[in-house]
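See below for the structure under consideration.
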Amino acid sequence: MERKDDILQRAIEQYSNEPIPPQPPQDVLDALLTKFGEATVPAPQAHNTHTFRRLAAAAAVLIFAGFAAGRLSAPRQPGSAEIQKAIEQSLATSIEPAVRQNVIADLSRQWQATLDASYVALREELTEQYRTDLLQVAAQTLASSNATTHRLLEELVASIYIAQVQNRQWVASALVELDATRRQDSAHFANALVTLAAATEGEIERTKKDMAGLLAGTRDANTD
Amino acid sequence: MHVHNWQRIAEEHASVVWQTAYRLLRNQADAADCFQEAFLAAFALSQRQPVRNVRALLLHLATTRAIDQLRRRVRRVRHEANDDGIDIVSARPGPDADAQNLELAERLRAAIAQLPPQEAKVFCLRHFNDLSYREISKELTITSGAVGVLLHRAKARLRYLLEPVEAKEKRLPYGT
């Protein structure tokens, strides 16, 4: 499968040859080193254990020394209750602060590690939430913009419809007026034709009479 | 228990972790996030259990986070481009050879983001970080045989995703 013209091989070569910065930016590295410095300021576990052992040995020596001193200086043999009390006091004064300090340091380190891990998760979650909110706001804005555009278009359509209706009414009234004028003109024309016909008929009658008179005069002249 | 000096480790492995993240993401801010997250996660892990191979662990964590970031980016781009019907992985060959090569590397990134996570990790660790089968199998707690199988599947799937559209149309889709 490792052909010379293999598209995957070419892609891997191209990918590997892309120029990239060899080192991370100094501020990124410094921030990381600072975090590590803060996280490792408390003494390491091994050192803690060692210190704890030394403290325990010192406490044991102190207890033994206290016990020996008490035993030697006491006028009488101390009872078991007194010995127990002395041991408790010695333990309380020598070990308790060291144990308390170790516990605090250990808890602090564990909390730091937990906080670092949860910080990353929280940041991712917040980024995702931010993107989701942004998309939602964009969708809402788009929806409201669409609604406004729709309303304006409806108003425009309504105004166009009203203008069309007015135009139709005006055209209709103009047609009615035109028809009335046409009817009136037709009536006038008919009357004029009747008058002309009557005048023409009288004129024909008169012409007939004149022709008859003329013919009669012409006949009389020929007879004479 | 062995105690690591994480400041020294950070200085020693910063370069390789940075390059791993940057190569996959090609974005300084995203690579910086991935870089810090990988180191902090390795540090947190070292507080809970012993770490034998710090370099392999750091490369594993950086690759995992970079692939996650890449997948989120590709999903986002695809979601935004969905309305326009734009295909993210453009298979159209360009006239210029450099542009074509550049497009090939970008397409490889987009194709890696489409792989199953385990296959993508194995492919990146093997081909971009030069880890051996043994190191990968230890880091991912799988057998060397499983590494080989995942690598083979990843390469086959990547070849299919990188092929031009015309070549794809001539044969059946991958996996059918």
Side-chain angles (χ1 to χ4, degrees), chain A residues 1-3 6-41 43-49 106 109-121 123-124 127-128 131-132 134-135 138 142, chain B residues 1-11 14-15 17-19 21-24 26 28 31-33 35-37 39-41 43-48 65 68-69 72 76 79-80 100-109 111-112 123 127-128 152 155-156 158-164 167:
Chain A
M1 293 296 282
E2 299 291 331
R3 299 188 307 271
D6 184 1
I7 190 167
L8 178 60
Q9 199 60 34
R10 278 194 288 125
I12 292 172
E13 281 170 16
Q14 175 62 33
Y15 178 92
S16 304
N17 291 333
E18 279 181 335
I20 56 167
Q23 291 286 341
Q26 195 58 40
D27 56 335
V28 175
L29 187 58
D30 288 344
L32 183 65
L33 292 177
T34 308
K35 282 182 184 173
F36 282 145
E38 288 168 359
T40 54
V41 162
Q45 188 65 36
H47 183 252
N48 281 347
T49 310
D106 197 27
R109 194 169 55 253
Q110 286 182 1
W111 273 111
Q112 185 63 39
T114 312
L115 281 174
D116 283 342
S118 59
Y119 164 74
V120 173
R123 193 180 58 185
E124 277 187 6
T127 307
E128 197 61 35
R131 285 199 189 105
T132 311
L134 212 58
L135 282 174
L142 195 62
Chain B
M1 188 175 76
H2 178 63
V3 179
H4 295 288
N5 181 348
W6 278 95
Q7 287 184 316
R8 189 181 59 75
I9 289 171
E11 285 168 352
S15 171
V17 173
W18 170 257
Q19 288 179 10
Y22 193 91
R23 267 193 204 290
L24 274 167
R26 299 295 292 178
Q28 183 143 324
D33 284 348
F35 174 80
Q36 294 214 357
E37 285 169 13
F39 272 103
L40 291 176
F43 172 73
L45 190 68
S46 74
Q47 303 292 307
R48 295 194 300 269
R65 273 155 181 73
D68 286 347
Q69 181 75 14
R72 279 199 294 273
R76 197 164 58 241
H79 181 261
E80 285 167 2
Q100 194 174 21
N101 281 337
L102 191 65
E103 188 197 18
L104 200 57
E106 277 304 316
R107 284 167 52 199
L108 178 60
R109 279 188 195 88
I112 288 170
F123 179 81
H127 285 281
F128 303 150
H152 178 74
K155 286 161 89 170
L158 285 174
R159 277 196 187 90
Y160 172 75
L161 291 169
L162 288 171
E163 269 182 353

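Sequence lines set the chain letters: A, B, ... in the order given, protein chains first and strands last, and positions in each chain run from 1. Fair warning: this is a prediction, and the values are worked out from it, not measured in the lab.
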Rounded to the nearest 0.5 Å, what's the gap from [atom1] on [X] to [atom2] on [Y]? Could you check?
| X | Y | atom1 | atom2 | result |
| --- | --- | --- | --- | --- |
| B/Arg109 | A/Glu18 | CZ | CD | 4.0 Å |
| A/Glu124 | B/Arg72 | CD | CZ | 4.5 Å |
| B/Asp33 | A/Thr127 | CG | OG1 | 8.0 Å |
| B/Glu106 | A/Gln14 | CD | CD | 10.0 Å |
| A/Lys35 | B/Trp6 | NZ | CH2 | 14.5 Å |
| A/Tyr119 | B/Glu37 | OH | CD | 8.5 Å |

Interface moiety of [X] toward chain A, non-hydrogen atoms closer than 4.5 Å:
| X | result |
| --- | --- |
| B/Ala41 | neither |
| B/Phe39 | both |
| B/Leu45 | neither |

Item checked: Pick from B/Trp18, B/Tyr22, B/Phe35 with the largest number of heavy-atom pairs that fall under 4.5 Å of chain A ->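 The residue among B/Trp18, B/Tyr22, B/Phe35 with the greatest pair count is B/Trp18.
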
Check: If you count heavy-atom pairs under 4.5 Å between each of B/Arg23, B/Gln19, B/Gln28 and chain A, which one has the most?
Finding: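 Ranked by heavy-atom pairs under 4.5 Å with chain A, first place is B/Arg23.
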
Check: When heavy-atom pairs shorter than 4.5 Å are enumerated against chain B, which of A/Ala113, A/Ser16, A/Pro21 gives the highest number?
Finding: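 Of A/Ala113, A/Ser16, A/Pro21, A/Pro21 has the most heavy-atom pairs under 4.5 Å with chain B.
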
Next item on the list: Pick whichever of A/Ile12, A/Asn17, A/Thr114 has the most heavy-atom pairs under 4.5 Å with chain B.
Entry: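 That would be A/Ile12.
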
Item checked: Qualifying residue, where the test is side chain to side chain contact (heavy atoms under 4.5 Å, CB included) with A/Leu8 and the options are B/Leu161, B/Leu162, B/Leu104 ->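 The residue from B/Leu161, B/Leu162, B/Leu104 that satisfies side chain to side chain contact (heavy atoms under 4.5 Å, CB included) with A/Leu8 turns out to be B/Leu162.
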
Next item on the list: Take A/Asp116 and B/Gln47, measure what side-chain contact (heavy atoms from CB on, under 4.5 Å) needs, and give me the verdict at the end.
Entry: CA-CA 12 Å; A/Asp116 283 342; B/Gln47 303 292 307; over 6 Å; no

Margin query: Is A/Glu128 in contact with chain B via its backbone, its side chain, both, or neither, using a 4.5 Å heavy-atom distance?
Written below: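 Contact with chain B is through the side chain of A/Glu128 alone.
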
Notebook entry, point to check: Does any heavy atom of chain B fall under 4.5 Å from the side chain of A/Gln110, the backbone, both, or neither of them?
Noted result: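 Contact with chain B involves no heavy atom of A/Gln110 at all.
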
Sequence neighbours left out, cut at 3.5 Å: what donor-acceptor pairs do the side chains of residues 22-33 of chain A make with other protein atoms?
{"unit_1": "A/Gln26", "atom_1": "NE2", "unit_2": "A/Asp30", "atom_2": "OD1", "d": "3.1"}

